[in-house]
Amino acid sequence: MALKFPTIYLLPKGLDPGRMSELESQIPSLTYDINEAEVVLGKLSHPQRAKLELQIRNIATEDLLPSQPPDSADVNSGPPAKRRKVSESAAHDVVSSTAPDGETATDVSRPTPANPPNAAFIEQLKEIRTIRTLTDDKDGERAYGARAYSTAISTLAAYPYRISCVPEIERLPGCSTKIAGLWDEWRENGFIQEVEDAKTDEKLSVLKLFYDIWGVAATTAREFYSKGWRDIDDIVEYGWSSLTRVQQIGVKFYDEFKLKIPRAEVESIGQTILEHANKIHEGFHMVIVGGYRRGKNGSGDVDVVLSHPNPDCTLNFVLDIVASLEDSQYITHTLTLSTKNSERGQTPVAWKGEGRKAGTGFDTLDKALLVWQEPAWDRSSASASQKQKNPNPHRRVDIIISPWRTAGCAVLGWSGATTFQRDLRRYCKEKKQLKFDSSGIRSRANGRWVDVESDPDGPAPDLLTAEKRVFASLGLEWRPPEERCTDG
DNA sequence: CATCATGCCAC
DNA sequence: GTGGCG
DNA sequence: GATG
């Protein structure tokens, strides 16, 4: 089976700025011997490492010299202009090469979130991924095309050097002939033809528009298109009653849900939720997870994990917290409300190994997917100008309730980008014979729940400690959330 | 040539 | 059962 | 699309 290490760990030490400059002088220029390469390769599994070592040996020095790309027309932060030395302040370099307004690193107060050296190329790959998602038939053979791009993107997002040649990108996990070919095309021309074509594709842009509706994915987007609808108004006019309830909400708040939520507002919403939780049972712990925790400046939604050391307090708690927030007029709609975990008494089903279909399901956490709006001022009576000034948009808020003993898994599971989670699950499956889930970890051998969060002194004292223990128990090096931005 | 994350909710 | 979602 |  695939022994690939989670991509985020591809270059575990390369993400440390101090090591980066050191490695920079070793890897791309090949001025190292194979022993030094182990500094980088040390975390890779043996078969893969053997392969990489072979490939590195086989790369001729001239292959690694910077290839001079033509000056691209107006591609903002285009193809690799020139081999950049990361050693000369990586942060500065990246910021100045991508900031269009010439504002260099004004945000020193905030650790720069994932802004990988290959961001511009990653953007191209994301474009193609979207095209694949929207055009590939889900049941067709190409259904995994989009996912393959996600893998390549996550590798590149974790790779701390600017790609300078085809052999260099080809040696990365998930990047092979096709991806390398695209990179080469982009390097040569400054653009990728497929991406350019997509820009003028009417059908594709309509599909993208529909795909952005909460509750609508590729299949439904194509379905809408095939009905002849071309914009949101068409949906409202011709298809409103055929939409699911959730899709209607998605359409209704289409523009508002697309707005990014500033960090301060995310924090304020989280605070409100925590206050309500503690009003019900004192002693709740909360972590704001999702993109916010990975350091994103604007979040698409707010995700919080709530837990309480007393299991009685988390049982069915999701119902109480939603009721409480509803009473206080914070919640305008409930998209879904899941209490399956509580219904099973918050207890994982034991002794059900693999190969079962029914009843083998691991508990999923109680959660509420909500539409949120600050009730600070009266919505209906607000004047137009008042609304102009403070539009008070509706926000997407997810509240996840975890029993204390699996809270670390919940925090970990909900903090990573989707590709990070896939990597994590695959790693657990293939290397640890474990089944990772945000609601806990079980042995694949005997189906028993595995406690990865307690130490000899008992359960973790808080959620972040719990999360760190999960890393440790899995034999993984701790990575701060900012370094889990596998989705580019 | 098979695999690729997972399980639940709404329909 | 299918599609959509985190 | 990449991998074992």
Side-chain angles (χ1 to χ4, degrees), chain A residues 1-4 6-7 45-48 50-51 125 128-129 131-133 136 138-155 169-182 210-211 213-223 242-250 289-291 300-303 305 334-341 343-344 349 354 356-369 396-400 410 413-430 434-440 442 487:
Chain A
M1 286 306 290
L3 286 160
K4 194 174 64 164
T7 44
S45 59
H46 291 304
Q48 185 162 29
K51 184 185 166 196
L125 292 184
I128 302 181
R129 175 174 64 182
I131 297 169
R132 291 285 177 281
T133 307
D136 287 5
K138 190 170 187 277
D139 305 318
E141 295 120 29
R142 294 162 54 194
Y144 283 92
R147 207 173 285 183
Y149 278 91
S150 294
T151 311
I153 287 167
S154 67
T155 300
I169 191 170
E170 266 187 334
R171 75 182 197 206
L172 299 179
C175 304
S176 190
T177 52
K178 176 77 183 196
I179 302 292
L182 287 170
F210 293 164
Y211 186 62
I213 301 170
W214 204 89
V216 171
T219 309
T220 311
R222 285 195 290 267
E223 184 191 321
S242 75
L243 301 183
T244 68
R245 187 185 80 95
V246 158
Q247 285 168 345
Q248 289 179 341
I249 295 170
V289 289
D301 61 4
V302 180
D303 303 303
V305 169
T334 300
L335 294 165
T336 63
L337 196 55
S338 169
T339 58
K340 274 284 169 250
N341 196 31
E343 283 167 22
R344 298 181 199 187
V349 186
E354 220 150 354
R356 299 265 327 102
K357 24 181 123 157
T360 185
F362 206 32
D363 304 286
T364 209
L365 295 172
D366 289 359
K367 61 171 177 274
L369 311 188
R396 279 275 304 107
V397 173
D398 293 346
I399 300 176
I400 297 102
W414 280 84
S415 293
T418 57
T419 308
F420 180 84
Q421 300 191 45
R422 280 207 279 257
D423 286 343
L424 195 60
R425 287 174 196 230
R426 224 171 25 183
Y427 170 76
C428 285
K429 179 176 181 178
E430 292 158 5
L434 294 173
K435 183 165 178 153
F436 178 88
D437 185 287
S438 59
S439 63
R442 288 199 308 176
D487 291 3

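All chains are named by letter (A, B, ...) in the order of the sequence lines, taking the proteins before the strands, and each is independently numbered beginning at 1. Small disclaimer: the values here were computed from a predicted structure and weren't measured.
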Note to self: Need one value for A:Ile400: base, sugar-phosphate or nothing, where a base atom within 4.0 Å counts as base even if backbone is also close, heavy atoms only.
What the structure shows: nothing
Note to self: In this structure, how many angstroms lie between the P atom of B:dG7 and the CH2 atom of A:Trp414, rounded?
What the structure shows: 15 Å
Margin query: Return whichever of A:Arg425 or A:Leu335 has its heavy-atom-nearest nucleotide of DNA chain B closer to the 5' end.
Written below: A:Arg425
Item checked: Close side-chain approach of A:Thr133 to A:Tyr211, heavy-atom, < 4.5 Å -> yes
Item checked: For A:Phe210, all residues meeting ring-ring contact (aromatic ring centres under 6.0 Å, His included), sequence neighbours excluded -> A:Phe224
Checklist line | Protein-nucleotide distance (A:Arg147, atom CZ; C:dG6, atom C1'), rounded to Å | finding: 14 Å
Check: Would you call A:Tyr144 stacked on B:dT3, i.e. ring centres under 5.5 Å apart with the planes less than 30° off parallel?
Finding: no
Notebook entry, point to check: Under 4.0 angstrom, heavy atoms only, what part of the nucleic acid is A:Val246 near: base, sugar-phosphate, or nothing?
Noted result: nothing
Check: From C:dG6, D:dA2, D:dG1, pick the nucleotide closest to the side chain of A:Arg132?
Finding: D:dG1
Margin query: Can you tell me if A:Tyr149 touches the phosphate of D:dG1, counting only side-chain N or O atoms and a distance under 4.0 Å to OP1 or OP2?
Written below: yes
Check: Does A:Ser338 place a side-chain N or O at less than 4.0 Å from the phosphate oxygens OP1/OP2 of B:dC9?
Finding: yes
Check: Any idea which of C:dC5, B:dA10, B:dG7 is nearest the A:Ala217 side chain?
Finding: C:dC5
Next item on the list: Check the distance between C:dC5's C1' and A:Leu365's CG and give it to me in whole angstrom.
Entry: 15 Å
Check: Roughly how far apart are A:Ser176 OG and A:Glu170 CD, rounded to 0.5 Å?
Finding: 6.0 Å
Notebook entry, point to check: Could you state the NZ-P distance from A:Lys178 to D:dT3, rounded to the nearest angstrom?
Noted result: 15 Å
Checklist line | Given B:dC11, C:dG6, D:dG1, the nucleotide with the shortest approach to the side chain of A:Arg245 | finding: B:dC11
Notebook entry, point to check: In whole angstroms, how far is the P atom of D:dG1 from the CZ atom of A:Arg129?
Noted result: 14 Å
Next item on the list: Calculate the interatomic distance between A:Leu243 atom CG and B:dA10 atom P; express it in whole Å.
Entry: 17 Å
Check: How long is the gap from OG1 on A:Thr151 to CZ on A:Arg129, to the nearest 0.5 Å?
Finding: 9.5 Å
Check: Taking OP1 and OP2 of B:dC9, is either one under 4.0 Å from a side-chain nitrogen or oxygen of A:Lys367?
Finding: no
Next item on the list: Rounded off to whole Å, could you give me the CH2-to-P distance for the A:Trp214 and B:dA10 pair?
Entry: 10 Å
Item checked: C1' spacing across the pair B:dT6 / C:dG3, given as an integer number of angstrom -> 15 Å
Notebook entry, point to check: Rounding to the closest angstrom, what is the interatomic distance between C:dC5 and B:dA5 at atom C1'?
Noted result: 13 Å
Checklist line | Candidate nucleotides C:dG6, B:dC4, C:dG3, ranked by approach to the side chain of A:Thr219 - the nearest | finding: C:dG3
Margin query: Between A:Lys435 and B:dG7, is there a contact of a side-chain N or O with OP1 or OP2 at under 4.0 Å?
Written below: yes
Check: For the pair made of OH in A:Tyr427 and C1' in B:dT3, what is the distance, rounded to whole Å?
Finding: 20 Å
Check: Does A:Asp301 have any salt bridge (Lys or Arg N to Asp or Glu O under 4.0 Å) partners at least two apart in sequence or in another chain, and if so, which?
Finding: none
Check: Salt bridge between A:Arg396 and A:Asp398, side-chain N to carboxylate O under 4.0 Å?
Finding: yes
